[in-house]
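To start, the structure itself, in C-alpha cells.
Every number for a ligand or one of its atoms is a count from 1 in the order of the listing.
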Amino acid sequence: MSMNRQGRPTDTGTGETASAPTFTGHRGLDHEESLIFERGRLDKTGVDLPEPKAVATRLGNVARQGEIGLPGLAEPEAVRHYVRLSRMNYAIDSGLYPLGSCTMKHNPRLNERMARLPGFGDIHPLQPQSTVAGAIALIELLGGYLMELTGMPAIAMSPKAGAHGELCGMLAIKAAHDAAGDSLRRIVLVPESAHGTNPATAAFMGYSVKTIPAKTNGTVAASDVKAALGPDVAAIMLTNPNTCGLFEPEIVEIARAVHDAGAYFYCDGANFNAIVGKVRPGDLGIDAMHINLHKTFSTPHGGGGPGAGPVVLSERLAKYAPLPFIHREDGKARLIETIGEAETLGADPFGRLTAFHGQMGMFVRALAYMLSHGSDGMRQASEDAVLSANYMRAGLRDVMTQPFGDQPCMHEVLFDDQFLKDTGVTTLDFAKAMIDEGYHPMTMYFPLVVHGAMLIEPTESESRESLDIFIDTLRDLTRAAKAGETERFTSAPRFTPRRRLDETKAAREPKLRWMPPPEKQAAE
Ligand SMILES: *Cc1c(COP(=O)(O)O)cnc(C)c1O
C-alpha cells in the first residue's frame, strides 16, 4: 500500500487507487489535511505574550506538571487549517440537501442580521429582567405566533431541540396523570414508522413502548390504536404528517379514542413544514407537540447551530408547563422563574427543563423568518414544499419504486430499494454514489417500515432548475445500476477525502483522543 507524505494511504480502502498519488498528498485544490496536532509544534506560537508575572498558585497538587501538549501554529497556518476543514463540510449553502425528515431549507441571511443586532446578540441570560424587556417581548410574540399557527392555548419555549421537546411534552403528560392520581399508566404507544427519538423519550421516562404496526398504505389505523389502548396506556406519540411523508387520515378518530381511554396525545411536529397555515394541529385533538424551529422556521441546524424545540400544550396540560414561562400582567410581560411564584398564578410546573430560557438566537431568527414571510408566505412555503416533493416523485416514479403505491405525498417522498433488486447495488451504495455526484444523500434506511428506505425532502427553497438536475442525476444513477455498472456504486465514494469508513466501528469504538502514530513514537 503506498503512503503519501503525511503517512496516510493513497490506496483508498477498496484496493484500488483513485488517482495517481501526488508528492504532497493533495489532489488538485483538495488538500490532504493533517490533524492540527500533527501539524503544530509545541515550541511555536502565533502570538507573543509577555512573560507572566510570578504568581503563587493556589492549585495545590492538582496543578499540571507536564506540557499541556497544545499545538502551536503561525496565524496563517491556523487560518488555512480551519478554512480547509470547512471546505470539506457539506452544507445547505453549498448544495441541495435532500435529507428527509430534516427540512434542510435555506436559512435567509436576514435572520442572521436580526440575531446579531446588539440588543439581542450581546445580552446575557443573567442580566436583570428589567434590562431585557425587549427580549422577553420577542419570546412572547414568537410563542404567540406558534400558538396561533398550531391552534393551541399554551406553550413552553425552553426546550432546546425536538427530542428535548418530546421530553417536555411527555413530562407534562406524566405530571397530569400523577396529579389525577393515575400513575399506574406505564405504556406509551408508538407507531412502527416513528422517529427513534419517540420510543427513546418514552423509554427514558421509564415507560414501556408498545408498537403500533403500519397499515399497508403507510399510515396508522385507528382500529389498531383502539386495540392497543387500555387503562395502562399513558399516551400515544404520533407524527403527522408521518415519516413516510403521508398525512394521517384517521388522526381525529385516533385522538378521540386516545382521550376516551384517559390517555394523552403527543404529536411529533417535526414535519410541521408540510402544513403550516393549512392545518392547525390543535383542531385535530392533540395535547402536546414540539416544533423544530431549526426545521420548519429555517434556523440553521446540523453543524450550523443549536436547535430549538418549543412545545405547544392543550388546555389540560397548560398548567404543568415547565419554568420559566412568560406571564403578562398590567400590560407588562415578565418571566416566572420559581415554583412558588408559579403556584400563586395557579400553575403547577413539572419543574425546569434547562438553565435559562431557551435558544434566544434561534427565537430571533425564527421570528424574523415569520415576519418576513407573513401568514400568506408561510402558507405558500408549505404548499411549495409539498409541490417540490411531488415534483420529485413525478420525475422519479417510473425508475424508482414507491413502497405504498403511486399516491401523492406531503413534503417528502419515500422510495424503497425494490428498483435495485438483482443489481448488486444497495441503498447504501446508491447513497454513496450520490456523494460522487456532489450531493448529500437522502435519508437512508428510515423509516424502518420500508425495505432499504430512501426519504427525499427537497423543501420549498430549491429552484425548479436545481430540482431538475437532481432528478436527472438520480435517473442516471438508476440507469447505471440497472445497466450493471455496479462498480460505480460499490466503489463509491471515489472523489471524497476519505472513502468508505467503518461507521459501525467508529460508533462502537470511538477514539476520542489523538495519540501520536506508533511509528513516530518509536523513531523519537
Ligand atoms: C428531527 C426529528 C426529531 C428530533 O428532532 P431534533 O431537533 O433533532 O431533536 C423527532 N422526530 C422527527 C420525525 C424528526 O424528523
**Request:** Flag the pair Phe470 / Tyr391 as yes when their ring centroid distance falls below 6.0 Å, and as no otherwise.
**Result:** no

**Item:** Pair His259 and Tyr264, ring centroids less than 6.0 Å apart
**Value:**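 Between Tyr264 and His259, which both carry aromatic rings, the centre distance is not below 6.0 Å.
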
**Request:** Among residues two or more places apart or on two chains, list those pairs meeting side chain to side chain donor-acceptor pair (under 3.5 Å) that have a residue in residues 308-326.
**Result:**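 Qualifying pairs, neighbours excluded: Asp287-Ser314.
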
Could you tell me, for ligand 1, which of its N or O atoms are under 3.5 Å from any protein N or O, listing the pairs and their distances rounded to 0.1 Å?
from: ligand 1; atom 1: 5 (O); to: Asn292; atom 2: ND2; distance (Å): 3.0
from: ligand 1; atom 1: 7 (O); to: Gly162; atom 2: N; distance (Å): 2.7
from: ligand 1; atom 1: 7 (O); to: Asn292; atom 2: ND2; distance (Å): 3.1
from: ligand 1; atom 1: 7 (O); to: His294; atom 2: NE2; distance (Å): 2.6
from: ligand 1; atom 1: 9 (O); to: Gly162; atom 2: N; distance (Å): 3.3
from: ligand 1; atom 1: 9 (O); to: Ala163; atom 2: N; distance (Å): 2.8
from: ligand 1; atom 1: 11 (N); to: Asp268; atom 2: OD1; distance (Å): 3.3
from: ligand 1; atom 1: 11 (N); to: Asp268; atom 2: OD2; distance (Å): 2.6
from: ligand 1; atom 1: 15 (O); to: Ser101; atom 2: O; distance (Å): 2.7
from: ligand 1; atom 1: 15 (O); to: Ser101; atom 2: OG; distance (Å): 2.7
from: ligand 1; atom 1: 15 (O); to: Lys295; atom 2: NZ; distance (Å): 2.8

**Request:** Supply the atom-to-atom distance Ile123 CD1 to Leu117 CG, rounded to the nearest 0.5 angstrom.
**Result:**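 So the gap between those two atoms works out to 11.0 Å.
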
**Item:** Trace of the salt bridge (Lys or Arg N to Asp or Glu O under 4.0 Å) decision for Asp384 with Lys105
**Value:** CA-CA 12 Å; Asp384 290 351; Lys105 60 166 87 174; over 6 Å; no

**Message:** For Tyr82, I'd like to know if atom OH has over 12 heavy atoms of other residues, nucleotides or ligands within 6.0 Å.
**Reply:**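 No, not enclosed.
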
